[in-house]
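Below is one structure; the comments refer to it alone.
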Amino acid sequence: MNFELTETRQMLQDSLRRFLSDRYTTEVRNKIIDSDAGLSTEIWDQLAELGVIGALFTEEQGGFGGAGFDVTTVFEELGRAGVVEPLLDTAILGGGLIAALGDADQQSLVERVIAGDLHLAFAHSEPGGRYDLNHVATSVTAEDGGVTLTGRKAVVANAEAAEILVVSARESGEAGDEDGISLFLVPRDAAGVSVRGYPLLAGGRAAEVDLDQVSLPESARLGAPGAAYSAIAERVSAASVALAAEALGAMETATELTRGYLLTRQQFGRPIGTFQVLQHRMADLWIELEQARSAVINAAGHLEGDARMRDLNVAAARNLIGRAGRLVAEDTIQMHGGIAMTQEYELAHIAKRIVMSDHRFGDTDHHLEQFIALSA
Amino acid sequence: MNFELTETRQMLQDSLRRFLSDRYTTEVRNKIIDSDAGLSTEIWDQLAELGVIGALFTEEQGGFGGAGFDVTTVFEELGRAGVVEPLLDTAILGGGLIAALGDADQQSLVERVIAGDLHLAFAHSEPGGRYDLNHVATSVTAEDGGVTLTGRKAVVANAEAAEILVVSARESGEAGDEDGISLFLVPRDAAGVSVRGYPLLAGGRAAEVDLDQVSLPESARLGAPGAAYSAIAERVSAASVALAAEALGAMETATELTRGYLLTRQQFGRPIGTFQVLQHRMADLWIELEQARSAVINAAGHLEGDARMRDLNVAAARNLIGRAGRLVAEDTIQMHGGIAMTQEYELAHIAKRIVMSDHRFGDTDHHLEQFIALSA
Amino acid sequence: MDLSYNADELAFRDEVRAFLEEKLPKEMSDAVREGRSLGKDGHDRWHAILNEQGWLAPNWPREFGGCEWNAVQRHIFEEECCRAHAPRIVPFGLTMLGPVLQKFGSKAQQDYYLPRILSGEDWWCQGYSEPGAGSDLASLKTKAVRDGDHYVVNGQKTWTTLGQYANWIFCLVRTDPDAKQQEGISFLLIDMDTPGIEVRPIILLDGTHEVNEVWFTDVRVPVENLVGEENKGWTYAKYLLTHERTNIAGVGFSQAGLDAVKRMARAEMSGGRPLIENPHFAARLARAEIDLMAMATTNLRIISRAASGQAPGVESSMLKVKGTIIRQEINDLARRAAGIYAMPFASEAVEGGNEPPIGPEGADHVGAQYFNNRKLSIFGGSNEIQRNIIAKVKLGGGA
Amino acid sequence: MDLSYNADELAFRDEVRAFLEEKLPKEMSDAVREGRSLGKDGHDRWHAILNEQGWLAPNWPREFGGCEWNAVQRHIFEEECCRAHAPRIVPFGLTMLGPVLQKFGSKAQQDYYLPRILSGEDWWCQGYSEPGAGSDLASLKTKAVRDGDHYVVNGQKTWTTLGQYANWIFCLVRTDPDAKQQEGISFLLIDMDTPGIEVRPIILLDGTHEVNEVWFTDVRVPVENLVGEENKGWTYAKYLLTHERTNIAGVGFSQAGLDAVKRMARAEMSGGRPLIENPHFAARLARAEIDLMAMATTNLRIISRAASGQAPGVESSMLKVKGTIIRQEINDLARRAAGIYAMPFASEAVEGGNEPPIGPEGADHVGAQYFNNRKLSIFGGSNEIQRNIIAKVKLGGGA
């Protein structure tokens, strides 16, 4: 039993934390959010240079990490600083899926991802599909030496910045079947692809993506036809671990900001941190923070293991963090009062990151259901 | 719109409150609980004399009340004083069912109930039936000019004191059907009836009742064969209104006791009521108490109306009071500390009344399910 | 006990319903239902419609052009307005300043300002809060120094709601710097066009501009703009804060919000079935609805007591706390119901643009609204302050 | 990071398991699982079995006959004992007094008392709490006045757990009435057979007799029964309270409790299906299990830090608060699962009589246990006191 970070991960954590605290200030970040692109290529390049993207891939994949605890080390720091750059979409999901299923040619894209030269997006969810991972209605039809995709993908994060979309589509069966789902590499500027972009409430951008008879060569398919579901499930679990760790980091920042505020803010002639009601509320938040940290550790530690145990621990972590995160976001805003309601204050963004992470790949209730099904 | 009690009900409330506060002290009540009978016939006679039992029946039934607000007026007071005498079982359920379904001969029993001369019990729940009102497996077989009952009834409150048990049994169909259920008047000392009595955690007594080939004349049946369900449902709704009002009264006492304790109990050199954490917790309890009062009013006001609206409001009240009651019981114990853990302290009994009422005719979750089904 | 409205009350309700059906423009109710901002023009238009009907000032005495409705009538009116998705009436002139002038203002002030509030000529905003004061209102620092026939005002107000539309502001200012905190405060009426006033927007966390900072630099205010006596402003301020706070429970808003959640949850699919049939979602929804049903009755009980002349005491604080908890819970349900479509920041939709919605009907604004309505438990006396009040009153002198 | 036990730890676990399988009497584990009281004889018997194995004092140094296990080993031992439904070891002599005597006691005291604790010859109880003191322990009033070679003790202790079985009591007494609260307190060892001591039962709200009042009237205690120095008792008391509070999170108890709830919920039917498939019950159960899984890891993280020599600080308070919340939630689930059969007061079953159970397996004691375990968040430093400590430490001097 050992709960210490390895030396490599400790170094990664230190350097990433130092970089973000120096360079990714509230002001810089808020400007990025307001920009048309919704991300900073400069920051992205520097993250790649620091090895942050490489840490999310295994050595065989060309990285130097890739395990659950690498993911949590990186994303906890991203969460602490409220980073909006799409590491989840380009690296964990897009890059991770290519690394898992791609042939030798396709794998070369992973190198570009690690180098910071390529953006990807995972175009999977569909309107009306909510959080059901097997809900894929986008159709694949065979044509001369290739395929045609038609369908609509919903809230595709990072779609506009992505050179290539990793698109799920159905070769056989019906929406709701796990079998029959394939993944395709679709250039964002391919004929028939239209992208309606918009900003996200918690920063970054996403898009509705329409696929209207998009013709692709056979070589665009990742892996064997119709057999992509288990790789998708594995990567979405990794994404859930990343989201949980990111929320944990954001919760740390939210409680630290609040601690500082309680010690300095004066009301009725004394620091508001002297009010017992706020003291006890903080005590409860700190307790929940430790619980959240444990839940993230449990999920990360099971990411590489047996799929049922992985899914059970991931569902547990996301349910716990869904509950604890809401509590932390709402209570830290409440303890601040008006100032936390203003867009320019750090906590406003951090709280949005926490709560909005509950809307990616399943919310609190979705993960509770998963947990119940898996523990039956 | 009018939320005032009528003059009659106000008088009933005043006299009942005065009687209980004079005569039904903690000491008296704790002795009753410890007694073999688990109830006081003296108190029972006096309640009858005060008209408390008559207030639970309509004028046609020989009483002078019987509406939802009569039930809540009486039971709120019983709840405030933590009364363990079985008005629910003898009057609302046993007497109410006879009044609803009985023929002229049978109705004469209601007079005896109102006079305080007859105890009844409603033997309906069965082992394994939980809170499902239609779960009746006890069988009825026809025999020469009469019927035979066989089955087992679970946690029959007041069974030992009752002269007559009002027993539900199935004439046709299967456990789970609403049709086919009849009610029978079964003398507790009839051949084949065996009663295993025990005390209840919150005072009073109940029993497991075995019915082994109990022979009864046809005249023992209440109403038409197999058609008792809707009367049962109506009386159980009335019982739920009574239980909700009783819990409300108990919640009032719990918060009043705690208010008094917070003002007198010194710790760290000052009254503990000066600690902000306890002040805010009390504020939340008072708010929930008002919510509980409103829920009881809503349920009582719909008791005589359309069955769906009745059931919807009853389910809402019992769910809300299940939640608020648990909060009040647990928090008032916590705010008292050790003293509330001792059997002789008033709050210990009151808290038990509140929490244990969640186990009669459906708990918090059961009523939530009913509400969801009815509001769909 | 009688939970239903009596015949008079029902007749009044029907009258209100008929009016709303006839006079409330559909594009306006659509915008309210979809959570879009109305802009100044929209508010002005609805204000004028109500004024024409004579229903703009439910709580004003008839002598000043009000309806003089009792508490139950006012409740019915508010309930029906929420039900019909009518815009909220901007309260600063009508329900805040109006009663203060009626009770403490001079005849000249009443004659001049009250008709202009009704006509819509003046849009008032409120200059109470200051930076760093928060719930400790009396610690305000904005100074007014007498200089001949004028006060010279210097300082800063904040959280000034819709100040960007206002041409007048009523302000609490410190006129005696040596007096104890709550003494030495005066109540001034200030024309926003006076030189030295600057309004700076505060953008809230959901991107909306609904509050402002107002800066005063050597702003000269004629002495006749003082309400009542100098240094007695705290009395008027408290009167404003405690008097006539109707609809504090927000039952109508909650009911409309809950209806919207249900609509969305019926349309949204989860695991092949409507979300509203998902037991976990249904449980959240049912608990909120059960709490709201009780709150509606709690509200009516208090209103009915107020209508019979009993002044509401600690009950306002209870309604505020529980009312905001329920409203915020409904906002939370709405974002859950919207699923992945709670994530987009649909600023165009919020601002009333012409873009088609991104997600399913009603989903576009729920994420932003969830965050925006965190304010409900903060502004207007935070829920912590309300709990202090409840405890103080109900525990009595001993604690 | 490695969430699994290493080879040594696994080997130790297997050794513990084998011991429990062989030596724990089945009637004893049945009684524990069903929540029945063991009585003094049962406790004495289990104490003797552990003593024979040499595993009675996990935290004592070897020189005094202890195991000197590290924090992880102790955790494994406790976890396995809970899993096997072994009786709880009565802590007063072994984990409370023992370490105090080892650190502050005289050689003579160590030589006399420690072996008698291990042999079971002495049953100790704790004389800390007093009526009216509650969480404000230092306000104690029991006096000890020096009279020649004796202290004369007068006063009253309360909440004395299992005092009815004890032949010795360790007490905090006030020896200097003029000193400030926490000074002037001494730590005395008192033979319960001394004249002037009276033990009066306190019956708890679930009908059980587990705590007592202990009254002292002119009780003469030899001065050699003073531990350490006169008036320094508060130091020893704090050492006792903060030192060696293992298993504060109660993870093992919660796990056993959760297993019992699941067994019941699989057998109990609701609407024609097992209760465990009811989505509302399943949701409560799942949330408790998710919280417990995280708590188990939080506990291990803290233990693992303690094993590497870092002293647990504010973490104990966190484990106490969350641990009791989870245990109480599981008690609540158990009463819900039992349905109507949570109502009977099965005093015979609680007291270990021979009556058959009233309700389904495991249901008889859940109502009483729900109420009994309200004590978890009250005794041993209430959860409010724990939150005060957490806030004080983490907010630092500023608040």
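Numbers restart at 1 for each chain; the letters A, B, ... are given by sequence-line order, proteins then strands.
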Euclidean distance, B:Glu369 CD relative to D:Asn278 CG, rounded to 0.5 Å: 4.5 Å
Between B:Thr364 and D:His280, is the side-chain contact (heavy atoms from CB on, under 4.5 Å) condition met? List the steps. CA-CA 10 Å; B:Thr364 313; D:His280 306 298; over 6 Å; no
Main-chain N/O of D:Ile340 paired with B:His359 side-chain donor or acceptor, under 3.5 Å: no
Please flag which part of D:Leu204 lies under 4.5 Å from any non-hydrogen atom of chain B: side chain, backbone, both or neither. both
Say you draw a straight line from CD1 of D:Ile203 to CG of B:Asn30; how long is it, rounded to the nearest 0.5 Å? 12.5 Å
Part of B:Glu208 lying under 4.5 Å from any heavy atom of chain D: side chain
Quick check on the interface: out of B:Lys352, B:Met356, B:Arg205, who has the most heavy-atom pairs with chain D under 4.5 Å? B:Lys352
Is chain B contacted by the side chain of D:Ser139, its backbone, both, or neither, given a heavy-atom distance below 4.5 Å? neither
For B:Asp358, is it the side chain, the backbone, both, or neither that has a heavy atom closer than 4.5 Å to a heavy atom of chain D? side chain
Does any heavy atom of chain B fall under 4.5 Å from the side chain of D:Ala283, the backbone, both, or neither of them? neither
If one checks every heavy atom of B:Ala154 against chain D at 4.5 Å, the contacting part turns out to be both
Please look at D:Asn372 and chain B and tell me whether the side chain, the backbone, both or neither of the residue comes under 4.5 angstrom of a heavy atom of that chain. backbone
Engaged part of D:Arg336 at the chain B interface, taking heavy atoms whose separation is under 4.5 Å: both
Contacting region of B:Ala157 [heavy-atom separation from chain D under 4.5 Å]: neither
Region of D:Ala338 in contact with chain B, defined by heavy-atom distances below 4.5 Å: backbone
With a 4.5 angstrom heavy-atom cut-off, could you sort out which part of B:Thr342 is near chain D: side chain, backbone, both or neither? both
Below 4.5 Å from any heavy atom of chain D, which atoms of B:Leu347 appear? Answer side chain, backbone, both or neither. neither
Can you tell which part of D:Phe371 gets under 4.5 Å to a heavy atom of chain B, answering side chain, backbone, both or neither? both
Output, in order, the C-alpha distance, side-chain angles, deciding distance and verdict of side-chain contact (heavy atoms from CB on, under 4.5 Å) for D:Val211 and B:Met341. CA-CA 10 Å; D:Val211 290; B:Met341 293 298 298; over 6 Å; no
Between the OH atom in B:Tyr198 and the CG atom in D:Asp364, the distance rounded to the nearest 0.5 Å is 9.0 Å
